[in-house]
Amino acid sequence: MVVVTILYSVYTAVILLGLITAITFRKSLKTRMLSILIIFLLVTFIQESILYLYRHYIPQHSNVVVYNIYRPFSTIIFAILYSRIPIMKPMKRIIISIAGFYLLANAVVYLFIHSIFEFNGYLGLLRGLFITSFAIFFLFRYFHLDDPEKENFWKPVVWISTGIVLFYPASSISLVFQKYLSEFTIIVAGFKLHQLIPQVLSIFMYSCFSYAFYLCKKIA
Amino acid sequence: MQKNSIELVLYVAFTSLFVLMLVIAAVLLFRIYLKRKNTLLREKERMSIQFEQTLLNSKLEIQEQTFTHIAQEIHDNIGQVLSLVRLNLNTLGPVRDEQKINLMDQLMEKAISDLRHLSHSLDANVILQSGWVNAVKNLLAAIQKTNTCKVWITIDEELPSIGKEKSIILYRMMQEIINNILKHAEASEIAFTAAKKNGSVVVAIVDNGKGFDKKSVAKGAGLQNLENRARMINAALIITSEPGKGTDITISIKV
């Protein structure tokens, strides 16, 4: 239980660190169209803090609805982020279409198929797939750049994308198989494996974000 | 139970597709990375060859210029003096003419002195022994003696060493600049400063001569030589000049 609390505290602290770094270097973030991440980190931090309290005081309460709302929200945030980056201009339409499709899929599922209070693995997997695709699109565009100045300028987004590419696939896959994995209850350091993987990787991702924000300031 | 199995199969299928996409993306990104690395290597090699060629051309140009300088010195100074001595020797009669002998003695002394100057100005060892700063100081002192120009010298006490090769090339640049001032600038004052600034040795020569318009004046051999030599020692060369406002040449060399 202590390990769980420590890990959760580190996780929340890393998000908070990302948020503070983003707010501190907001002017530098603006030049790279990354300001939207301030909103994302703020929402994530508030949500995770509230959910922690919920888990602590009302453990039987389900948090599925929160994540069902958070998933389309994060997809839109990353779609806006990547579509606004100038070097992503050729991909803009694709990104917007993907985000639109995802929103539509969410609306259809929660309006006609099942309640928003129920977990849907396909949507979770799709969210991971789409956000990872945006990051991979960016990395493709970045590695095709011929201008060293531009390369240097967009280096912070490479860090953000690296964090995304590592976190979202692993977290989406472990989330999808949560139901099946929980039957085996594989415990690592007092933590269920399917919960440990996303938690550790999200610490890595938000650390990448913080470093990227610092780079935004460093690389003027 | 049936529903659960179908769901699991679908999850596995989607997850496999997801992982496959990631693997393909990783392979493609790695290929792009390798391609870029090879392109960069090729570009680096090309630039290195180009640099070597430029360096070789510069060295040849400098050599050519030195030969021209020696030829001019021999023809204009030493040659003239020796011709005069020969003329005097030919007109020397059987009677001992003290006046002519004294004149020939003076002319021979001048020829020897000119030869020594020429030898010193070309000998890199002399520059290395006394240091480039002293060599430039001697050059400027010689100009001061002729009363054609007033010379102002300001040198930092603890000027760091710039290395042997750079010293020689920097001295040659100074010679070129001073020669240009004497030949073209019609200056009455020359100010020379050498200082240490932000980890660099910064040398400046300013004259109050007639100056020139950098835009309208095509780059002559002199300016081109200066630029080539600056490139050879990896120095920054800034030439500021305006007609009627003199010329300011600053050379900055990283230590």
Side-chain angles (χ1 to χ4, degrees), chain A residues 87 91 94 98 102 105 109 113-114 118-148 150-151 158 161-184 194 197 201, chain B residues 1-55 197-200 227 230-232 234-238 252 254:
Chain A
I87 60 166
M91 305 278 189
I94 301 171
I98 289 174
Y102 186 70
V109 168
I113 299 173
H114 62 70
E118 282 175 46
F119 171 73
N120 187 299
Y122 301 109
L123 288 177
L125 201 61
L126 270 185
R127 190 268 305 243
L129 181 74
F130 290 160
I131 295 177
T132 311
S133 308
F134 301 159
I136 288 172
F137 289 162
F138 172 80
L139 291 174
F140 273 121
R141 296 291 306 160
Y142 179 83
F143 282 115
H144 273 109
L145 283 178
D146 240 355
D147 184 349
K150 271 187 184 173
E151 271 179 37
V158 173
S161 304
T162 308
I164 287 172
V165 167
L166 281 170
F167 168 71
Y168 279 102
S171 76
S172 308
I173 292 167
S174 61
L175 193 76
V176 160
F177 292 107
Q178 186 180 349
K179 195 166 75 181
Y180 306 97
L181 286 169
S182 58
E183 284 173 17
F184 298 101
H194 63 273
I197 295 168
L201 284 173
Chain B
M1 192 65 190
Q2 178 75 16
K3 195 190 163 197
N4 268 355
S5 314
I6 295 168
E7 196 181 59
L8 184 62
V9 169
L10 281 173
Y11 280 164
V12 170
F14 281 128
T15 308
S16 307
L17 275 175
F18 196 172
V19 173
L20 189 69
M21 183 199 93
L22 282 172
V23 171
I24 292 169
V27 170
L28 287 176
L29 281 171
F30 187 66
R31 276 194 64 182
I32 296 169
Y33 167 74
L34 280 183
K35 204 175 156 188
R36 275 171 62 95
K37 203 178 155 190
N38 287 337
T39 316
L40 273 173
L41 267 175
R42 276 201 298 273
E43 181 72 11
K44 210 177 159 185
E45 270 173 28
R46 194 186 61 79
M47 279 176 76
S48 169
I49 293 166
Q50 205 177 4
F51 178 74
E52 289 292 326
Q53 275 176 345
T54 316
L55 204 69
K197 264 184 202 168
N198 305 326
S200 295
E227 281 179 0
R231 214 174 294 134
M232 276 169 75
N234 207 14
L237 173 76
I238 304 165
S252 176
K254 279 252 177 249

Report task. Please indicate whether A/Asp147 has more than 12 foreign heavy atoms, meaning atoms of other residues, nucleotides or ligands, lying under 6.0 Å from its CG. Result -> yes
Query raised in the report: Non-hydrogen atoms of chain A under 4.5 Å away: do they reach the side chain of B/Ile32, the backbone, both or neither?
Result: side chain
Report summary line: CG of B/Leu29 to CZ of A/Phe143, rounded to nearest 0.5 Å, is 6.0 Å
Query raised in the report: Do other residues, nucleotides or ligands put more than 12 heavy atoms under 6.0 Å from A/Tyr122 OH?
Result: yes
Query raised in the report: How far apart are the closest heavy atoms of B/Leu8 and A/Phe177, and which atoms are they?
Result: CD1-CE2, 3.8 Å
**Report entry** Nearest atoms (heavy-atom pairs only) where B/Leu22 meets A/Val165
**Finding:** CD2-CG1, 4.4 Å
Query raised in the report: Does any heavy atom of chain A fall under 4.5 Å from the side chain of B/Leu17, the backbone, both, or neither of them?
Result: neither
Report summary line: Turns out that what part of B/Val12 lies under 4.5 Å from chain A's heavy atoms comes down to both
**Report entry** More than 12 heavy atoms from other groups under 6.0 Å of CG on B/Asn234
**Finding:** no
Query raised in the report: Do B/Arg36 side-chain atoms and A/Leu145 backbone N/O form a donor-acceptor pair below 3.5 Å?
Result: yes
Report summary line: Rounded to the nearest 0.5 Å, the CE atom of B/Met21 sits from the OG1 atom of A/Thr132 at a distance of 5.5 Å
Query raised in the report: Given A/Val176, which of B/Phe18, B/Tyr11, B/Phe14 fulfils the side chain to side chain contact (heavy atoms under 4.5 Å, CB included) condition?
Result: B/Tyr11
